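Both counts, for ligands and for their atoms, begin at 1 and track the order of listing. Along the sequence shown, the residues carry numbers beginning at 1. In this text the structure is predicted, and so the values were computed from the model without any measurement.
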Amino acid sequence: MTELNEALSDRSAGEGWSSRTAFILGAIGSAIGIGNVWRFPFVCYENGGGAFLLVYLIALFSAGIPLLLLEMGLGYKTLSGPPRAYGSIKKPLEWLGWLAVLVGFVLVCYYSVIMSWCANYLVFSFDLKWGSDTGTFFNNFLQKSDPKNIFTLGSIVPGILIGLLVMWVWVVLSIWRGAKTVGKVVYVTVTLPWLILIIFVIRGITLPGAIEGLKYYLTPDFSKMLEPKVWMAAYGQVFFSLSVGFGIMTAYASFLPPKSDITNNVFIIALADSATAFVGGIAVFSGIGYLCHTSGVSVNSIQGGPGLAFVTYPAIINQFPFAPQLFGILFFVMLLTLAIDSAFSLLETVVVAVMDKWNISRKTANIGIAAIALLCGIIFTTQSGLFWLDIVDNFNTNFLLIIVGILEAIAIGYVLGPKKIRDCVNETSDFRISAWWDWFIRIIVPLVLFIGLAVTFYKTVTDKQPYGSYPSDAVLIAGWGLLIGLPIIALILTLFKGKKST
Ligand code: PHE
């Protein structure tokens with residue numbers, strides 16, 4: 001059988017998306033994650049406030065949207081998850097598909113652990129037993145050990161492990177029958193967090209001090225636009241937020257029916273994701289303004305990331321004039337429903353990749369891969385888990401993800417030829433993409449990402465930031481080991497015999 005026939009017979013097994021809305025919600029659900037709430041607002045605040053929005057939009061249109069179109073167009077054209085899709089361009093490129101899939105696999109191993117923290121905090125919010133200072137989160141909850149003793153794992157924190165198990169059951173059930181099940185689940189997991197976000201925006205802006213917080217978030221500092229680091233932050237954020245580089249959109253789009261409008265979908269997804277991030281910032285910074293107003297904390301001392309979700313926001317909620325428990329529950333339900341569709345899109349991509357290559361039933365692939373990811377994730381539930389998570393996350397998203405992005409652009413730009421994807425997409429889309437896209441894929445995207453990669457590499461090697469507090473052996477194993485190990489595993493997977501040869 002030719003590759004395309006094989007793909008056609010695979011994809012016509014009644015597994016496709018039930019409607020266009022289901023597909024768009026699935027893709028939006030993957031893109032909109034906890035990053036929109038705990039990452040974007042702070043990246044914006046630190047990099048020029050309102051002026052950053054402009055830089056962000058440029059990054060969105062010059063790299064984010066072109067890559068999203070690339071990944072989606074490729075899945076739509078080849079009816080395949082990443083490995084078979086790239087393999088159909090040229091056999092050795094299957095390796096690149098596996099690399100993208102593996103980067104996503106590593107991400108979901110620890111993303112699920114962060115979801116478990118949220119689940120634990122959801123339970124705590126019933127009686128607000130969460131303390132709300134950094135000590136409670138790091139010492140009492142995570143039972144953090146000393147970073148210098150990272151190799152002494154200490155014990156597993158039971159609550160986090162139990163939460164992790166629950167999260168995996170939830171993820172596995174959400175993709176039980178692939179796109180069919182996902183298409184139903186996302187109606188809830190996309191709309192519910194939006195509704196809750198709106199509640200937090202209204203609650204936030206009606207609190208005293210909110211305006212001060214919003215001023216921090218949005219007052220434009222145009223001089224920052226001249227700083228290269230601001231541009232890098234924008235490209236990094238766009239890339240992370242749209243979930244490009246993991247092959248997710250390739251896997252999802254491979255289940256689209258013929259004659260789907262790809263271009264429109266890409267713009268809807270990208271704009272919905274950005275709008276949510278912007279609104280997320282309003283909710284977060286109005287709350288921070290209120291916290292500063294009531295307890296005199298200074299905005300400069302507040303950080304994004306986990307600190308925001310598990311320390312600052314609980315502190316804000318404690319100060320709410322009525323029903324703080326209710327807001328606590330809503331906040332963590334919001335984070336969990338934001339995260340769940342990102343997590344299952346990652347698992348679904350691995351499942352699709354494995355099913356494309358081997359004759360394995362969806363159920364076996366689904367449960368088997370989830371079980372492996374769960375086992376790999378256990379290290380992050382130990383007392384030194386936070387440190388391992390930190391190292392793995394840095395190398396996975398700052399290096400491997402960017403490398404995949406560059407190679408994807410080169411593979412399509414120079415090996416397949418971007419016009420092939422563009423023609424395929426244009427045939428069935430309402431508005432047509434013109435030749436500008438080819439040049440973004442050939443030149444702008446690889447160049448911008450390469451500069452970012454080089455700067456990060458230089459910083460990591462010279463000032464050892466941000467790994468200064470860890471023993472260098474740990475960084476060698478979990479960081480550099482990952483960087484070398486994943487491409488090797490991808491190679492082994494490529495060399496394995498697949499369906500056709502059996
Ligand atoms: N886009 C997600 C966010 O903004 C992050 C993510 C990327 C999650 C890829 C899953 C897969 O939070």
Hey, which residues fall under 4.0 Å of ligand 1 on heavy atoms?
Ser30, Ala31, Gly33, Ile34, Gly35, Asn36, Leu107, Tyr111, Phe240, Ser241, Ser243, Phe246, Ile248, Ser342, Leu346
For Tyr111 and Asp393, which I'm curious about, is there any donor-acceptor pair between the side chains at under 3.5 Å?
no
Could you pull out the closest heavy-atom pair between Arg362 and Trp176, with the gap in Å?
CD-O, 3.5 Å
Residues which pass side-chain contact (heavy atoms from CB on, under 4.5 Å) with Arg39, listed by chain and number, not counting sequence neighbours
Val43, Gln237, Phe240
Are the charged groups of Glu46 and Lys224 less than 4.0 angstrom apart, N to O?
no
Using residues 50-74 as the side-chain source, report each donor-acceptor pair under 3.5 Å to any protein atom, sequence neighbours left out, with the distance given to one decimal.
| unit_1 | atom_1 | unit_2 | atom_2 | d |
| --- | --- | --- | --- | --- |
| Ser62 | OG | Ile58 | O | 2.8 |
| Ser62 | OG | Tyr235 | OH | 2.7 |
| Glu71 | OE2 | Gly245 | N | 2.8 |

Can I get a per-line list of side-chain donor-acceptor pairs under 3.5 Å for residues 276-286, giving both atom names and the distance, sequence neighbours left out?
| unit_1 | atom_1 | unit_2 | atom_2 | d |
| --- | --- | --- | --- | --- |
| Thr276 | OG1 | Trp194 | NE1 | 3.0 |
| Thr276 | OG1 | Ala272 | O | 2.6 |
| Ser286 | OG | Ile282 | O | 2.8 |
| Ser286 | OG | Ala283 | O | 3.2 |

